[in-house]
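Heads up: the structure comes next, in structure tokens.
Order of listing sets the numbers, starting from 1, for every ligand and every atom in it. Below, all heavy atoms of this structure are taken into account, side chains as well, without hydrogens, waters or symmetry copies. The chain is numbered in sequence order, starting from 1.
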Amino acid sequence: MEWWRHYSTALRSHCSITPLLHHFMPLVTVACHAMATRFEIALHGDNPAALRAAGEEALAQVEQLEAQLSLFRASSEIAHLNTHAANGPVRVTPGLFALLQKARKLSEESNGAFDITVAPLVRCWGFMGGDGRFPSPDEVAQARAKVGMGLVQLNRADFTVQFSREGVMLDLGAIGKGYAVERAAEVLREAGVTSALIHGGTSTVQALGPPPGEASWKIAIETPSPAPTTSPTLLATVPLKEEAMSVSGVWGNSFQVAGRTYGHIIDPRTGEPAIGTVLAAVVLPSATETDAFSTALLTVGSAGHDALAKLRPGMRTLVVSESSGQLQVEAKGLQVRSAG
Ligand code: AMP
Ligand code: MG
């Protein structure tokens, strides 16, 4: 019960998802702070000591990935790339190279709605470590010239990365947590864990096998609201088993000008924050893919929902749009409880 209580408090500052753990108390829970958020793992099984050891090993994997991928750590591989890759080819570890290839593929599949080169635009709109600001058209034009996967060369022969010009910057903020959750889940599986749930910052959650006696884990998605609320309402309950879900939201990291909300998710194709969509959720087997695609779905919104949902068979999705204070919910394969 304690973990649940702590957890629901933490949630109030985010619009996101809640594992409904009070129904089935986990045998062992472990947690750590990484990637500017809290990662938690709930595990079931016969041997608590072995479960705890597996959970701690999985969290160590998350911490190691943070050290490798964080834009904000001067010693990370990503920071090293951002500093040097415009001057010539920079060799990276095979694991990062594979992730960058994956990010390129996800960018192509989403027609550029998801793009890890969006960083200059995120910075220009004041969302890189800030709460947002309205840039001048000239600032936006300058940032746009530095955005696009076409400016990033990935050389498979020697695992090197090179940028075509100065100012290109990679930001794995929309995929890194999902990737870390997926890699941590692999650590758990390799350790023989069969029943577990892992989440990173309540925005990406991955389920292994369900708790004893249950058909699945159950994850709640709260109805998004512009301001933190002490009495959130339930938008949907999502059953998960051997699959992942990510939720991307705008409220909580946005600012308003003339009644319009400008959030931290930027459409790399227009250079402007995605407008009109306040929440997007995606369910698939891979947490790396759900993280990238929930960001892409928030970017394309209702208009691009059909096309995006066709990218993987069995993909379950949710889009919440807002207009004049009214929420509109579109779901594919997910059961919506209330339209808010
Ligand atoms: P998420 O919460 O996973 O949707 O990721 C949002 C974060 O990813 C933002 O705070 C930015 O750092 C970055 N970002 C914003 N827009 C995009 C985009 N269109 N594609 C990829 N990353 C983005
Ligand atoms: Mg994401």
Q: Evaluate the criterion salt bridge (charged side-chain N to carboxylate O under 4.0 Å, His left out) for residue pair Asp115 and Arg269; output intermediate values, then yes/no.
A: CA-CA 9 Å; Asp115 189 328; Arg269 302 160 306 178; over 6 Å; no

Q: Please lay out, stage by stage, how Gln153 and Ser164 fare under the test side chain to side chain donor-acceptor pair (under 3.5 Å).
A: CA-CA 8 Å; Gln153 281 93 55; Ser164 305; 2.9 Å; yes

Q: Walk me through it: do Phe114 and Phe293 pass the test ring-ring contact (aromatic ring centres under 6.0 Å, His included)?
A: CA-CA 7 Å; Phe114 164 80; Phe293 282 149; 7.9 Å; no

(Q) With no hydrogens and no angle check, just 3.5 Å: does a side-chain donor-acceptor pair link Ser246 and Thr290? (A) yes

Q: Under the salt bridge (charged side-chain N to carboxylate O under 4.0 Å, His left out) rule, collect the residues that match up with Glu186, sequence neighbours excluded.
A: Arg183

Q: Measure the acute angle between the ring planes of Trp217 and His44, then classify it against the limits of 30° and 60° as parallel, tilted or perpendicular.
A: tilted

**Q.** Non-neighbouring partners of Ala58 that pass side-chain contact (heavy atoms from CB on, under 4.5 Å), sequence neighbours left out
**A.** Ile41, Ala184, Val187, Leu188

Q) Can you pull the residues with any heavy atom under 4.0 Å from ligand 1? A) Ala113, Phe114, Asp115, Val118, Val122, Asp171, Gly173, Ala174, Ser248, His264, Ile265, Ile266, Pro268, Asp291, Thr295, Thr299

Q: Quick one: give me the number of protein N/O/S atoms under 2.8 Å from the Mg ion (ligand 2).
A: 4

Q.
Between Arg312 and Glu109 (salt bridge meaning N to carboxylate O under 4.0 Å), is one present in this structure?
A. yes

Q.
Using a 3.5 Å distance criterion without hydrogens, assess whether the side chain of Trp251 forms a donor-acceptor pair with backbone atoms of Leu279.
A. no

